[in-house]
Number of protein chains: 2
Amino acid sequence: MKKILVIGSGRSAVTLIKYLLDNAEGNNWQVTVADFSEELAKVAVANHSSGKAIFFNVTDDKQRQTEIENTDIVISMLPARMHITVAKACIRLGKNLVTASYVSKEIFALDEKAKNAGIILLNEIGLDPGIDHMSAMQVIDSIKENGGELTSFKSFCGGLVHPDYDTNPWHYKFTWNPRNVVLAGQGTAQYIKHGRYKYIPYHKLFERTEQMNILDAGEFEGYANRDSLNYRKAYGLENIPTLFRGTLRRKGFCKSWNMFVQLGMTDDTYKVENAENMTYREFINLFFPFNNKMSVEKKFCDYLNISIDSDEFKKAQWLGVFSDTNIGMKDATPAQIFQKICEEKWTLGAEDKDLIVMQHQFEYVQNGEQKKLNSSLLVFGDDSRYTAMAKTVGLPVAIATKLILSGEIKSTGVKIPTTKDIYIPVLKELAENGINFIEEKL
Amino acid sequence: MKKILVIGSGRSAVTLIKYLLDNAEGNNWQVTVADFSEELAKVAVANHSSGKAIFFNVTDDKQRQTEIENTDIVISMLPARMHITVAKACIRLGKNLVTASYVSKEIFALDEKAKNAGIILLNEIGLDPGIDHMSAMQVIDSIKENGGELTSFKSFCGGLVHPDYDTNPWHYKFTWNPRNVVLAGQGTAQYIKHGRYKYIPYHKLFERTEQMNILDAGEFEGYANRDSLNYRKAYGLENIPTLFRGTLRRKGFCKSWNMFVQLGMTDDTYKVENAENMTYREFINLFFPFNNKMSVEKKFCDYLNISIDSDEFKKAQWLGVFSDTNIGMKDATPAQIFQKICEEKWTLGAEDKDLIVMQHQFEYVQNGEQKKLNSSLLVFGDDSRYTAMAKTVGLPVAIATKLILSGEIKSTGVKIPTTKDIYIPVLKELAENGINFIEEKL
C-alpha cells in the first residue's frame, strides 16, 4: 500500500484527484485529499473507498509534519508561494514532492538538499509549464538526434472557450484566474529573432501579434510572453537564432483588448479615488481628457482613433464599459474594477466548456535542407468541472506521481520535466488519455 | 557667534554656500561646509575667513554626533534618503534642520519628537518643492482673504536652457540630474478637472500636454506630474474642482520625446543583454519588429507613423540614436543607455546658462465674477556654476536658515513653507535677490 497526500483540492486539482482515485485500487494506493476547506476535499473524494478527505492547514507546523511523515509522496496544488514550507518538510522527512508550479528561487536553492535526502522535487509538470516543456523537448531532442540544427522555435499556448460555447464577439471567456488574464503581459516582453534581441513594452504588446491557424480549430493570434529568453537554457537552445513564446487568443482579441491597455484600465499600481460612488461609465471616463460636450462613447472613439461602426467599438460596448452599473468596490485599482466588469460578461457558464490550444513551431536544417514542423494540441473540456484546463494541469501531475511511486522516475533533486526519463513515459500516458500532439511537416 | 553646518556641497549647494559666506560677517556666522569630498567643500568655501571645509561621512556616528552637537543649525543638501539619520541626530541634540527635499514618511513621523525637542525640521524649501509652495500659497491666501473662491489651480515648473544658449532642435539641455529627466513621468499621473478625477498612464503622458506662453519667454508645454491630487491637502484646497501640476518643456519637446517612450527606450526595469557589444543604432533596433530588408531609419518612421521629412525624425537623428557609436556599458537598462546617448548632446556646456520657468494659473470667483490670474517666474543662470537651478534651490534654503537663526521663524516640528510666517519673509528676500513673480490679471 502506497500513500499519496494531495494538498489543495481547488479547480485545478479535480482531474488529478479523479485519476488518483480511479487508479487507486489497481495500484494499491491510499489517497488523502487535504484542504483548508474540508468540504471541498470531501466533494473531491466523493466517498471513494480508497480516498480520505481531511481539513489541513499548511501553516500548522505540527499537522504538516504529521501528514507528510505519514505519506509516501506529496502533491502540492497550493498557490505557488506556499510550496516552500511543504518542500522543506518533504526534504526533512524524505518524501517526494510534485507540483505544477514554476520553480521559485527558494525551491531552486533546495536542489542539493533534496539530492542528499534522496528525493525528487518535481515541478512545472502541469500544462504551461509542464506539457509545453515535455512536448517541445520531445521534438527538440528528436531533431537533434537526427542531425538537425534548430534555427527557430516558437511556442504558443492559450486557455479559451470551446468553439461550441463561443457565444460572444470577443470569442473569449475566463477559463482560469481572471486577475492573471487582466494583468497579463505587464512588464516588458523579451525574445530573440534571427539573432536579434527584441523587446516589447506592455503598451505595444497587443499590437505586435503573430497570426496562425491551428489544426482545424481556426485562426488564432499570439502575443509575446515576458520571458522567452529564459527558455534557451532550460531547453538547451543557447545559440538558437529565433526563440519566441506567446499566449494565444482568438483572432481580433488583442486589437480590442489593447484599447483598454492604451486607456490605462489594466493598471494595478494605484487605487481609484471615490470608486465606490462611480459607475462603469464614470470609470472609463477617468481615462479621457476632460470634455463635457462629448459623450463618453464619442470620447472613446476619438481618443483611440476608431469609428463608432467598428468591431472594436461594438466589443467595448458589449463588454459593458459604458453602462451605468455601480462599481460597488472601494479602494480598488483600475485592474480590479476592470476585472469585475469583464467577469460579468466573460465568466464561464455552468453548461460551458473550455478549450486548451498549444502549438510549437520548429524550423531546422537537416542534411542542408530547411525544414518546418508544427506540433499542435487541442484539448476540449468535458464539462464545467472536468475542464480542459483541469485535465491538462492535473493529468501530468498524476502520471508523474505514479511514475515516481513505481520507481520509473528515479531522478533526485529539484527537477522540471525536460529530460527523457520523465517526458517519455508521461507523454505516452497523456496520449492514451486523449492528450496528444499532432505533428505537421510544412 | 552662530554656527551653521552645511552637509553636502554639490552643484545645488553653491549659491546657498555663497549666500551664507557673503552674509556671515554681518550676521556673525561661522559656516562649516562638510562633504565626503573635502576637495569639493574647499572649493565651495574658497578660503573665506568665516568658512571652514571639512571631510564628513554622514554614516560615521561619532563624527555626525560631534559636528551636529557643535553647531546651531544644520542644512542637509545630501540625497533625500540620507536626511533621516541627520534629522534623528538633530532631534537628539536639539538642533534645527533645513532641507530642500520632499518630506519622506520617515521624516514626517518625527513631527512629535521635533516639537518636544523644540526644534524645526523645515523641508521642501528649495525650488520645486519650495518656491512653488510659497508663491502659490501667497496668491491662494490672498484670494481667500479677499473673499474669492478658487475654482482652478494649475502650476507648472521646468528647468531649461537659457534662450541665448538654446542651440539645438529640441530646445533642451540637461540642467539637472539627467537620470531623473529620462525617467520623468513613469507611473500614472493623477489630477482633477472640473470635479472629475483624471488618470494618465505613462505611455499617454507626453501626448496630453497643455500649451502656454509665459511672460515674454515664448511658448511652452506642460505634461502632468504624478501627484497633483496630494496638493489639495497641502494647500488647503480640498474641494477645488480643478488642480493640475505639470512639468514645462519648450513647445514640441513632448511629441518628440514621446517617440522614445513609445519604443520603450526609457524603461528602467530590465537590463539589455549584450549591450556591451552593441551600437546606439543596434540599441534602437531592439524595439522594432524584426525586418532585415528595411533601414533602421525607415523602421523608426514606419513604427511611429512619422515621415522622414518630419521635425520629429530630424530631432531623433540629431540626438544620435541612429549612429554607430558603441554603447560601452554592461548590464545597463534601456533608460541608462538612452541617458548616455542624450548626455552626449544635451550636457550643458561650460559657457552655457540655464533658465528656470514657473507659472501658476489661478481661476476664482470673487463677488460673483469669474477671474483669472497668472503668476509667473523666470530666473536666468549667471554662469555654469551659479545656475538658475542653484540659485532657486539654494537661496530659499539660505534665507530660511537665516530666519530660523534670527528667531523670525518660530515654528517647531516637521514643516513645509506653506504658512505665512515662513513664506512672507522668504519671498520678500527672494524678490530682493531678483527672484520675483510677475502677476497678470487675464
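Chain A is the first sequence line, chain B the second, and so forth, proteins listed ahead of strands; every chain is numbered from 1.
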**Asked** Do other residues, nucleotides or ligands put more than 12 heavy atoms under 6.0 Å from B/Asn180 CG?
**Response** yes

**Prompt:** Taking atom CZ of B/Arg196 as the centre, does the number of heavy atoms from other residues, nucleotides or ligands within less than 6.0 Å exceed 12?
**Reply:** no

**Item:** Reported CD-to-OH distance for the pair A/Glu207 and B/Tyr303, which is rounded to 0.5 angstrom
**Value:** 6.5 Å

**Fill in**
Taking a cut-off of under 4.5 angstrom between non-hydrogen atoms, the residues of residues 257-271 of chain A near chain B are A/Val261, A/Gln262, A/Leu263, A/Gly264, A/Asp267, A/Thr269, A/Tyr270, A/Lys271

**Item:** Contacts of residues 223-251 of chain B with chain A (heavy atom under 4.5 Å)
**Value:** B/Leu229, B/Arg232

**Asked** How about residues 325-339 of chain B versus chain A: which residues have heavy atoms under 4.5 Å apart?
**Response** none

**Prompt:** Roughly how far apart are B/Gln190 CD and A/Leu286 CG, rounded to 0.5 Å?
**Reply:** 10.0 Å

**Asked** Hey, what do you get for NZ (A/Lys193) to CG (B/Asn291), rounding to the nearest 0.5 Å?
**Response** 9.0 Å

**Prompt:** Between B/Arg208 and A/Phe287, which heavy-atom pair has the shortest distance, and what is it?
**Reply:** NH1-O, 3.0 Å

**Atom pair NZ/NE2 of A/Lys204 and B/His203 - distance to nearest 0.5 Å** = 9.5 Å

**Message:** Does A/Glu149 have more than 12 heavy atoms from other residues, nucleotides or ligands lying within 6.0 Å of its CD?
**Reply:** no

**Which atoms of B/Ile200 approach chain A - backbone, side chain, both or neither, heavy atom under 4.5 Å** = neither

**Item:** Straight-line distance of A/Glu273 CD to B/Tyr197 OH, nearest 0.5 Å
**Value:** 4.0 Å

**Message:** Just verifying a value: how many Å separate B/Tyr199 OH and A/Phe288 CZ, rounded to the nearest 0.5 Å?
**Reply:** 15.0 Å

**side chain to side chain contact (heavy atoms under 4.5 Å, CB included) against A/Glu363, all qualifying residues, sequence neighbours excluded** = A/Thr151, A/Ser152, A/Lys372

**Asked** More than 12 heavy atoms of other residues, nucleotides or ligands under 6.0 Å from NZ of A/Lys255: is that the case?
**Response** no

**Message:** I'd like to know which of A/Gly187, A/Pro289, A/Pro201 tops the heavy-atom pair count under 4.5 Å against chain B.
**Reply:** A/Pro289

**Smallest separation among heavy atoms of A/Lys198 and B/Asn285, with atom names** = NZ-O, 2.6 Å

